[in-house]
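Note that the structure is a prediction, hence the values are computed from the model and not measured.
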Amino acid sequence: MKKFIAATLIIATVLLITACGGNNSPKAVATKYVTALQNGDKEAAADCFYYSGTDEEKAEQRNQMISLVEKGIKSVEKDEGIKSFKVTNVEENGDKAVVYGTVTYGNGKTDVNDEIPTVKVDGKWYIDTNK
């Protein structure tokens with residue numbers, strides 16, 4: 001019984017780490033971003049973007065992104081929130097990729113082939129603001 005409990009805890013920990021840490025693919029970071037929008041979490045959404053420069057410049061860029069994400073969340077709320085997001089294709093080219101997906105809103109509206117540009121920096125994928 002102790003082995004079963006220990007194994008269950010290890011599996012749960014691995015799943016938790018994977019779910020929270022996972023910018024290990026373009027698809028993962030795009031999904032994390034849309035999920036943050038779906039949940040109205042502007043901080044988590046802003047964390048999906050790549051920022052460059054000094055620490056001060058990165059902080060300023062992140063604050064600006066939080067403001068933009070907040071506007072995006074309000075726009076999503078007008079469509080009664082995001083009901084679902086499905087990745088339809090990922091086109092990778094080295095350290096850059098574009099994630100294509102379909103977003104379905106609570107009011108039934110659907111955006112097909114939404115593009116989310118991503119970039120890999122130091123082994124981690126981010127949404128690319130320079131695209």
Side-chain angles (χ1 to χ4, degrees):
M1 184 67 169
K2 287 182 183 180
K3 287 182 182 180
F4 174 75
I5 292 172
T8 303
L9 288 174
I10 290 170
I11 291 169
T13 301
V14 168
L15 290 174
L16 183 61
I17 289 169
T18 303
C20 295
N23 289 6
N24 58 355
S25 73
K27 180 179 177 179
V29 73
T31 302
K32 181 178 176 183
Y33 172 68
V34 174
T35 300
L37 291 179
Q38 188 175 27
N39 294 333
D41 189 344
K42 62 187 177 189
E43 299 282 334
D47 288 341
C48 294
F49 288 85
Y50 177 70
Y51 308 107
S52 61
T54 65
D55 288 346
E56 187 176 286
E57 290 168 334
K58 289 178 185 178
E60 178 60 29
Q61 291 168 27
R62 186 174 184 280
N63 287 337
Q64 290 173 356
M65 187 56 66
I66 288 171
S67 294
L68 290 173
V69 167
E70 196 167 33
K71 290 176 185 175
I73 289 170
K74 288 178 182 176
S75 176
V76 165
E77 288 172 351
K78 289 179 184 176
D79 289 323
E80 299 175 23
I82 296 173
K83 183 177 177 183
S84 67
F85 173 69
K86 180 182 177 187
V87 173
T88 56
N89 191 26
V90 178
E91 293 179 0
E92 274 190 65
N93 185 8
D95 288 344
K96 293 196 175 264
V98 178
V99 178
Y100 296 91
T102 300
V103 179
T104 303
Y105 298 93
N107 65 2
K109 177 182 167 188
T110 301
D111 288 338
V112 179
N113 285 329
D114 270 359
E115 296 181 19
I116 302 175
T118 62
V119 63
K120 188 177 188 180
V121 179
D122 296 329
K124 188 174 179 181
W125 286 94
Y126 299 91
I127 296 176
D128 188 2
T129 57
N130 294 319
K131 173 104 180 172

Determine all donor-acceptor pairs shorter than 3.5 Å in which one atom belongs to a side chain in residues 88-97; sequence neighbours excluded.
from	atom 1	to	atom 2	distance (Å)
Thr88	OG1	Tyr100	O	3.2
Lys96	NZ	Asp128	OD2	2.9

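- Aromatic rings from Tyr51 and Tyr126 are positioned such that their centres are separated by 6.0 Å or more.
- Within the 4.5 Å cutoff, side-chain heavy atoms of Lys109 are placed close to those of Asp111.
- Clustering ILVMFWY residues whenever any of their side-chain heavy atoms sit less than 4.5 angstrom apart, transitively, puts Ile127 in the very cluster that holds Val76.
- Within a 6.0 Å sphere centred on CD of Glu43, heavy atoms belonging to other residues, nucleotides or ligands number more than 12.
- What you find for Ala36 and Ala45 is that their closest heavy atoms are CB-N, 3.5 Å.
- Rounding to the nearest 0.5 Å gives a distance of 10.0 Å between OG1 of Thr104 and CD1 of Ile82.
- Cluster membership check: Tyr33 shares its hydrophobic cluster with Leu68, using side-chain heavy-atom separations under 4.5 Å among Ile, Leu, Val, Met, Phe, Trp and Tyr.
- Looking only at side-chain heavy atoms (C-beta outward), Ile116 and Val34 come within less than 4.5 Å of each other.
- For Lys58, the NZ atom sits in a packed shell: over 12 heavy atoms of surrounding residues, nucleotides or ligands are nearer than 6.0 Å.
- One distance of note links NZ of Lys124 with OG1 of Thr118; it measures 13.5 Å at 0.5 Å rounding.
- The minimum heavy-atom distance between Lys78 and Asn107, with the atom names listed, is O-ND2, 4.4 Å.
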Under the criterion side chain to side chain contact (heavy atoms under 4.5 Å, CB included), I'd like the reasoning laid out for Asp47 against Arg62: C-alpha separation, chi angles, the key distance, then a yes or no.
CA-CA 8 Å; Asp47 288 341; Arg62 186 174 184 280; 2.8 Å; yes
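- Nearest approach of Ile73 to Lys42, heavy atoms of both residues: CD1-N, 3.9 Å.
- Under a hydrophobic clustering in which Ile, Leu, Val, Met, Phe, Trp and Tyr are joined whenever their side-chain heavy atoms come within less than 4.5 Å, directly or via other members, Tyr105 and Val69 fall into the same cluster.
- Taking CG from Asp114 and CZ from Phe85, the interatomic distance works out to 7.5 Å, rounded to the nearest 0.5 Å.
- Contact record, Cys48 with Val29: O-CG2, 3.7 Å, taken as the closest heavy-atom pair.
- There is no side-chain donor-acceptor pair under 3.5 Å between Glu57 and Gln61.
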